[in-house]
Amino acid sequence: NAGVMQNPRHLVRRRGQEARLRCSPMKGHSHVYWYRQLPEEGLKFMVYLQKENIIDESGMPKERFSAEFPKEGPSILRIQQVVRGDSAAYFCASSQTTGEGEKLFFGSGTQLSVL
Amino acid sequence: GEDVEQSLFLSVREGDSSVINCTYTDSSSTYLYWYKQEPGAGLQLLTYIFSNMDMKQDQRLTVLLNKKDKHLSLRIADTQTGDSAIYFCAERRGNMDTGRRALTFGSGTRLQVQP
């Protein structure tokens, strides 16, 4: 059973370009979370999705950022018109259970560098 | 400031015990977690504790929870060089009905194990 898969591992973009980060949850998991980690900091929640639905996007910047988790295929975190401040590690996590005791399994992250 | 606070750095000698501390602020937290992050990797769930427990032991790991003081600790017995990593505590807050399910992470404690 493969873990949470994220790609690419490293992504370099110039200011103003678009970044697309992909996350395939563990098999059987229908809950996906995206977190951002700045250097020397903890993870900051961005968005929580279930298949075809955004459940909680309270941590997502209002502009330029969007996320989806389609019925088929991976979850995508999309950042339009990237700026240097978007440089960070972006982690995806998935879980299977609902309710209390939910365990999140994390991918290895995508390191986004904006030049 | 952070809702979940940890000291930044801990250094121990191989074979000693390590104690990593964490304080949180939300009394409605239901589950508290410890994650380990090795360089260039995602977060690995180590253990978790439900808020109505005060201790949980899992092999070399012991979690202590003082709910009154909102203090959580992780003790690693017989620390090995392979335990060198960043350790994050995280809390899950209550009220699943609102759909708010995200974990709130501390900034992490870097554990360095000296041979």
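Note on naming: letters A, B, ... go to the chains in the order of the sequence lines (proteins, then strands), and numbering restarts at 1 for each one.
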Atom group of B:Leu45 that falls short of 4.5 Å from chain A, counting heavy atoms: side chain

Quick check on B:Gln6 against chain A: is it the side chain, the backbone, both or neither that has a heavy atom closer than 4.5 Å? neither

Nearest heavy-atom approach of A:Arg14 to A:Val82 is O-CG2, 3.3 Å

Smallest separation among heavy atoms of A:Phe105 and A:Val4, with atom names: O-CG2, 3.2 Å

Can you tell me which portion of A:Gln6 sits under 4.5 Å from chain B's heavy atoms? Options are side chain, backbone, both or neither. neither

Between B:Arg60 and B:Asp83, is there a salt bridge with N-O shorter than 4.0 Å?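 Yes.
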
Only one of B:Phe88, B:Tyr87, B:Tyr48, B:Phe105 passes ring-ring contact (aromatic ring centres under 6.0 Å, His included) with B:Tyr35; say which it is.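 Result for ring-ring contact (aromatic ring centres under 6.0 Å, His included) with B:Tyr35: B:Phe105.
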
